[in-house]
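Predicted, not measured: the structure shown is a model, and the values here were computed from it. For the numbers below, each heavy atom of this structure counts, side chains included, while hydrogens, waters and symmetry mates do not. Lettering follows sequence order; numbering is per chain, from 1.
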Number of protein chains: 2
Amino acid sequence: MVTTSNKSERVPSDKVNSRVERSRHTVLTTAFELLSEGGVTSFTVDEVARRSGVAKTTIYRHWPTREALVIDACSQMIAEQETPDTGSLEGDVTAILMEIAHLLPTANWSFVLPSIVDTAERNPEFAEIHSRIQRGHAAPLREVLQRAVGRGELSAHADVSTIVAALLGPLFYRRWFSREPIDDQFVKAIIKRVLTSL
Amino acid sequence: MVTTSNKSERVPSDKVNSRVERSRHTVLTTAFELLSEGGVTSFTVDEVARRSGVAKTTIYRHWPTREALVIDACSQMIAEQETPDTGSLEGDVTAILMEIAHLLPTANWSFVLPSIVDTAERNPEFAEIHSRIQRGHAAPLREVLQRAVGRGELSAHADVSTIVAALLGPLFYRRWFSREPIDDQFVKAIIKRVLTSL
DNA sequence: ATGATACGATACGGTATCGTATCGTTTAAC
DNA sequence: GTTAAACGATACGATACCGTATCGTATCAT
């Protein structure tokens, strides 16, 4: 099947940047944009077609159903963040939480996430996606906490999951539940509260 | 308009327990039940009619539109909790958080809330309702914290909003984001972490 | 008893959306 | 240049839901 050739890579992956791949990319971009605006509920294949300029027929040639497209679009949010390495636990945690605090009111995914959480409440496929997104958010924190354990800066018996909840919980709470602003002072207060109790 | 009479209260409020009020109550109950199952999105007037036995015509005689009914049903969630008074801040906070931890995985409203949060992200009317629900959740905590200030158990400069976020945030985080179980040990760890840092 | 009010059953128009069918046109491989 | 694959435009059937209209029936106050 995979034939070699003098030309540069004539395997199936040569279709990258082909017409097929361009359509696919255009649709996915528009889909995510639409998701950010209206959430999963008001997401419509017709609207994606209208806005992207790609014919609805073509969209259904790539995705068998509306839900498949939504899921693919949501998967774009599964992007693991950079893990800082400042040398100290407090420095690392501060870097991570400041980054998240900065993203929470602005990033597109912060507008889509409630929709995914809601859908995940009753749809296993979305529950799986949400789980992956969630792990992506928590991963850097878990890593710097593990490193702190390695350095002896943190007890090996420390409950990492609880600490993550104590750090991320208040930020998320402010963004989606109390809807209060998340300023540096708040973030620092949370970090101090958690770290001094270790 | 309001005519007095010898009989017991012949003002408009005499219609309580009348046919009108019975229909209204039946519909609202069914509506909330439906909300708990499918969230705001899949909520349908036709389904409320089917399930409740009340004719769709009658429903529209009471509520001008679907959204009005949804909002009325959501408003049932605005129920302020009891505020305990154990004498100590730790006792009060523990009582409140244990109650919430117990309700989070079971209570109907915990299944509807993500839907409301999502809708509130783009709909001011739902934002208002969510705000009221949220205040209802935080009110007991705020009160016991204020009492603690009055007793001198807590500094008058303590930032109550931050403390509330530090207490409720981790619980909500576990329920809707990390989806980990919320056991007594976790709740106590959070409380200890927050209170010892005051 | 009687009249007003509310209810039930049913049907309906209007709209939105999903997913498919058809067919002519463009792109790209060879 | 020829050919196959992918695309665009359009129309369509099917379904679900909203909100209204109609009309006969049940309830309730007086």
Side-chain angles (χ1 to χ4, degrees), chain A residues 1-28 30-31 34-35 37-73 123, chain B residues 1-28 30-31 34-35 37-73 123:
Chain A
M1 275 298 190
V2 176
T3 61
T4 56
S5 105
N6 328 7
K7 300 184 179 180
S8 53
E9 283 298 317
R10 282 292 163 211
V11 283
S13 66
D14 69 343
K15 296 227 166 179
V16 174
N17 273 346
S18 70
R19 192 164 48 152
V20 174
E21 208 52 33
R22 279 202 307 276
S23 296
R24 188 182 150 78
H25 184 260
T26 304
V27 170
L28 269 182
T30 308
L34 215 65
L35 267 183
E37 295 175 13
V40 174
T41 298
S42 63
F43 180 91
T44 291
V45 179
D46 292 78
E47 180 60 24
V48 174
R50 269 192 291 274
R51 199 182 286 201
S52 68
V54 177
K56 198 166 68 154
T57 328
T58 302
I59 298 179
Y60 276 104
R61 284 192 189 101
H62 286 308
W63 291 271
T65 173
R66 178 200 103 118
E67 195 177 359
L69 176 54
V70 174
I71 288 179
D72 248 28
N123 183 323
Chain B
M1 275 303 189
V2 177
T3 60
T4 56
S5 106
N6 328 9
K7 300 184 178 180
S8 54
E9 281 300 314
R10 281 293 164 209
V11 285
S13 65
D14 67 344
K15 299 225 168 177
V16 173
N17 272 344
S18 69
R19 192 164 48 155
V20 174
E21 207 52 32
R22 278 202 308 275
S23 296
R24 189 183 151 78
H25 184 260
T26 303
V27 170
L28 270 182
T30 308
L34 215 66
L35 267 182
E37 294 175 14
V40 174
T41 297
S42 62
F43 180 92
T44 291
V45 178
D46 290 78
E47 180 61 23
V48 175
R50 269 192 291 276
R51 197 180 287 202
S52 68
V54 176
K56 199 166 67 154
T57 328
T58 303
I59 298 179
Y60 276 104
R61 284 190 189 105
H62 285 310
W63 291 272
T65 172
R66 178 199 104 118
E67 196 178 358
L69 176 55
V70 175
I71 289 180
D72 247 29
N123 183 322

Least distance between heavy atoms, [X] atom then [Y] atom:
X	Y	result
A:Thr30	A:Ser52	OG1-CB, 3.3 Å
A:Leu34	A:Thr44	CD2-O, 4.0 Å
A:Ala49	A:Ala55	CB-C, 4.4 Å

Item checked: Distance-only side-chain donor-acceptor flag, A:Thr41 / B:Thr41, under 3.5 Å ->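 A donor-acceptor contact under 3.5 Å links the two side chains.
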
Notebook entry, point to check: For DNA chain D, whose closest nucleotide is more 5', that of B:Pro64 or that of B:Arg61?
Noted result: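 In this pair, the answer is B:Pro64.
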
Rounded interatomic separation in angstrom, taking [atom1] from [X] and [atom2] from [N]:
X	N	atom1	atom2	answer
B:Trp63	D:dT20	CH2	C1'	18 Å
A:Arg22	C:dT27	CZ	P	9 Å
A:Arg19	C:dT25	CZ	P	15 Å

Next item on the list: Determine, step by step, whether A:His62 and A:Asp72 satisfy the side chain to side chain contact (heavy atoms under 4.5 Å, CB included) criterion, reporting the C-alpha distance in whole Å, the side-chain angles of both residues, the deciding distance to 0.1 Å, and the verdict.
Entry: CA-CA 11 Å; A:His62 286 308; A:Asp72 248 28; over 6 Å; no

Next item on the list: Report the C-alpha distance between A:His25 and A:Arg22 in whole Å, list the side-chain angles of each, state the deciding distance to 0.1 Å, and finish with yes or no for side chain to side chain contact (heavy atoms under 4.5 Å, CB included).
Entry: CA-CA 5 Å; A:His25 184 260; A:Arg22 279 202 307 276; 5.8 Å; no

Margin query: Side-chain N or O of A:His62 versus OP1/OP2 of D:dC7: is the shortest distance under 4.0 Å?
Written below: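 Checking D:dC7 against A:His62, a side-chain N or O does come within under 4.0 Å of OP1 or OP2.
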
Tabulated below should be each protein N or O lying under 3.5 Å from an N or O of nucleotides 11-18 of chain C; please produce it.
from	atom 1	to	atom 2	distance (Å)
C:dC18	OP1	A:Val45	N	3.3
C:dC18	OP2	A:Val45	N	3.2
C:dC18	OP2	A:Asp46	OD1	2.8

